[in-house]
Amino acid sequence: MTSRLIADSVTDDSVVAAASALSLQASDLAAKKCVPCNAKDMRPMKEESATEMMAKVAGWNLVNEDGTLKLNRSWKVKSFTKGLELFQIIGNVAEAEGHHPDLHLVGWNNVKIEIWTHAVGGLTENDFILAAKINGLNLHDLLRKKSTT
Ligand SMILES: C[C@H](O)[C@H](O)[C@H]1CNC2=NC(N)=NC(=O)C2=N1
């Protein structure tokens, strides 16, 4: 499986600059509700549109995994149990939205969250809504300092 980083909202200057201008839009995104993924007309987002959306989800990466666009973000947590707590907090948001991330906890304290719309095999606005909602969570007590990678 080859995974190619396309853009991340931390190091890409143009995205960071846009992010400050769009930070208001980020909260707009977090206020939206995910829609059921079984709509027949649902199509995966093009890479260009996804890249434009990255400014609204600070800290997330856009990757292309063998043709499937995905969002991901990693953190180091303070302990294995804090990692499980983080999964539960994010899981509650996912259940409320009816839209779910892939949760990885490896090497006891390395958390990686991947989000994409499985029903269409790529990214939809649902994925960005979920990422924006996750960004709105207070995970401070669970994360090791300097834990966003
Ligand atoms: C009907 C309902 O929207 C689907 O079962 C949902 C559940 N959660 C989901 N989550 C994600 N990430 N992708 C999906 O396609 C998906 N489908």
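Numbering of ligands and ligand atoms starts at 1, following listing order.
Distances from atom 3 (O) of ligand 1 to the heavy atoms of Ala119, Cys37, Cys34 show the closest one on Cys37.
The nearest protein atom to atom 8 (N) of ligand 1, hydrogens excluded, is given as His100 ND1, 2.8 Å; this is a heavy-atom distance. Annotation: atom 14 (C) of ligand 1 to nearest protein heavy atom, His118 N, 3.6 Å. The protein heavy atom nearest to atom 1 (C) of ligand 1 is Asn38 ND2, 3.8 Å. With respect to atom 11 (C) of ligand 1, the closest heavy atom belonging to the protein is His99 CE1, 3.4 Å.
The shortest N/O to N/O separation between Pro36 and ligand 1 does not fall below 3.5 Å. Polar contact with ligand 1: absent for Val35 (N/O pair, distance under 3.5 Å).
Just one residue in the list Ile113, Asp141, Ile134 forms a side chain to side chain contact (heavy atoms under 4.5 Å, CB included) with Leu86, and that residue is Ile113. Checking each of Asp102, Leu71, Leu69 against Trp116 for a side chain to side chain contact (heavy atoms under 4.5 Å, CB included) leaves exactly one that passes, namely Asp102.
The structure places CD1 of Ile6 at 9.0 Å from CE of Met54, a figure rounded to the nearest 0.5 Å.
Lys78 NZ: more than 12 foreign heavy atoms inside a 6.0 Å radius.
Against a heavy-atom cut-off of under 4.0 Å, Trp116 is close to the following atoms of ligand 1: 11 (C), 12 (N), 13 (N). Atoms of ligand 1 found under 4.0 Å from any heavy atom of Thr117 (numbered from 1 in listed order, with element): 13 (N), 15 (O).
For Leu130 against Ala94, the heavy-atom pair with the smallest separation is CD1-CA, 4.2 Å. Taking every heavy atom of both residues into account, Thr124 and Val120 meet most closely at CG2-CG2, 3.7 Å. Nearest heavy-atom pair, Trp108 versus Val77, reported as atom, atom and distance to 0.1 Å: O-CG2, 4.4 Å.
For atom 5 (O) of ligand 1, the protein comes within 4.0 Å by no heavy atom at all.
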